[in-house]
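In what follows, a single structure is set out as structure tokens and then discussed.
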Protein chains: 2
Amino acid sequence: MEESERLKKQKELIEYIGRQNEREGFQPVPARILGLLMVMDKEEYTFEEIVEEMKISKSSVSTALKNLEIRGIIEYVTYPGDRKRYFRFFSGEIDGFINDMEAKMIKNLETIQQIIGLKKDPNSRNAMFLKTISTGMEFFIRKLDELKIEYKKGQ
Amino acid sequence: MEESERLKKQKELIEYIGRQNEREGFQPVPARILGLLMVMDKEEYTFEEIVEEMKISKSSVSTALKNLEIRGIIEYVTYPGDRKRYFRFFSGEIDGFINDMEAKMIKNLETIQQIIGLKKDPNSRNAMFLKTISTGMEFFIRKLDELKIEYKKGQ
DNA sequence: TTTTTGGTTCGCAACAAACAGAACCAAATA
DNA sequence: TATTTGGTTCTGTTTGTTGCGAACCAAAAA
């Protein structure tokens, strides 16, 4: 692939990732900055460089970076004798990814069990449905834990 | 637990589920209606009943119900000689839940692989990170498929 | 001490989302 | 045929979100 072609595709991918991230609850600006830091060949950007590259105001970039950092999605490093901060993508382990998923499932499971616990008739249509779902979720959560161990060993 | 106490807890749970659902991208009104249909002992509500119970305008209820139905989260039934529609929670199988999760993972995986494919230096920090994540995700996706089969057999 | 650098914070304007009210409509009933 | 029922659709208001510019600030450099 030609250089210019590759660059163009990278830019498109940033925009695509931006939209994906928006669906995950990110605001437009952080969503795209995250894309930038993941996709480009240059993997460490200063504040100023992000402002220029994305043509976003300083204030928005400032807010966005803080936001992403607090969430633990990016980090910054500094170099001796250089006051600038260099922002980069912070790769969580796959574990983090799976744990998030699991945490969500567990939260859902707890809610479902609360619903069941509050039903007058434990054999009502919804109660039965929810019990089935609950059992299934318990199964998958248990297995997910096993998989995490299996994966770690395999490494 | 006393009846009135139970009812109060159910109402609180509806509000809680409402907030949870909002985080998943639902608007406030559909989010809470869904809670209502899951939690209450009365498991089939007419349009009019929802309007009264939730104190929401007809227009909002109308939009919300359509919304929830299109997403396949609720359904309605009718009874002969009764023009009203009775809305109720539509329980997807646990499979649906897992499939959603898997679909998301696959989409993420594809994006990650695109990023890697567009890197100039395939050994850059981010490229290496992303490869690790990618491998991990492939492992979990594969295993998830196996688990689905195992679970079905077990039933 | 003054200026520059590398940002942060505040207030506001533009825009988008959410909801209510009212008008509307088709099917059933009187 | 006229009215009621069970909703739907349209429009305007309210509310919330986003992002900018400008003012600001602390640390470093001049």
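The structure displayed is predicted, hence computed values, not measured ones. We use all heavy atoms of the structure for the numbers below, so side chains are in, but hydrogens, waters and symmetry mates are not.
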Given axes from five pairs at either end, by how many degrees does the helix from C/dT1-D/dA30 to C/dA30-D/dT1 bend, rounded to 10°? 10°
Verdict with reasoning, A/R6 to A/E3, per salt bridge (Lys or Arg N to Asp or Glu O under 4.0 Å): CA-CA 5 Å; A/R6 199 167 57 80; A/E3 272 304 279; 3.1 Å; yes
Minimum-distance pair of heavy atoms, taken over all atoms of B/F89 and B/L37: CB-O, 3.8 Å
If you measure from the Lys or Arg side-chain nitrogens to the Asp or Glu carboxylate oxygens, is any gap between A/E43 and A/R88 under 4.0 Å? no
Tell me, please, the opening and closing nucleotides of DNA chain D, 5' to 3', among those with an atom under 4.0 angstrom from a non-hydrogen atom of chain A. D/dT18 to D/dA28
What nucleic acid atoms does A/V29 come within less than 4.0 Å of, heavy atoms only: base, sugar-phosphate, or nothing? sugar-phosphate
Does the A/S60 side chain pair with the main chain of A/I56, one donor and one acceptor, at a distance under 3.5 Å? no
Please determine if B/E48 and B/K58 form a salt bridge, counting it only when a charged side-chain N lies under 4.0 Å from a carboxylate O. no
Is there a path of hydrophobic side-chain contacts, each under 4.5 Å between heavy atoms of I, L, V, M, F, W or Y residues, that connects B/Y45 with B/F90? no
Could you check A/K58 against A/F26 and say which one's nearest nucleotide on DNA chain D is further toward the 5' end? A/F26
Please determine if a side-chain N or O atom of B/S60 lies less than 4.0 Å away from the OP1 or OP2 oxygen of C/dA20. yes
Could you tell me whether A/K84 contacts a base, only the sugar-phosphate backbone, or nothing, with contacts defined as non-hydrogen atoms closer than 4.0 Å? sugar-phosphate
Measure the distance from CG on A/D82 to P on C/dT5 and round it to the nearest whole Å. 13 Å
Ion pair check, A/R19 and A/E15, cut-off under 4.0 Å: yes
With a 3.5 Å cut-off and no angle check, do the side chains of B/N108 and A/Q20 form a donor-acceptor pair? no
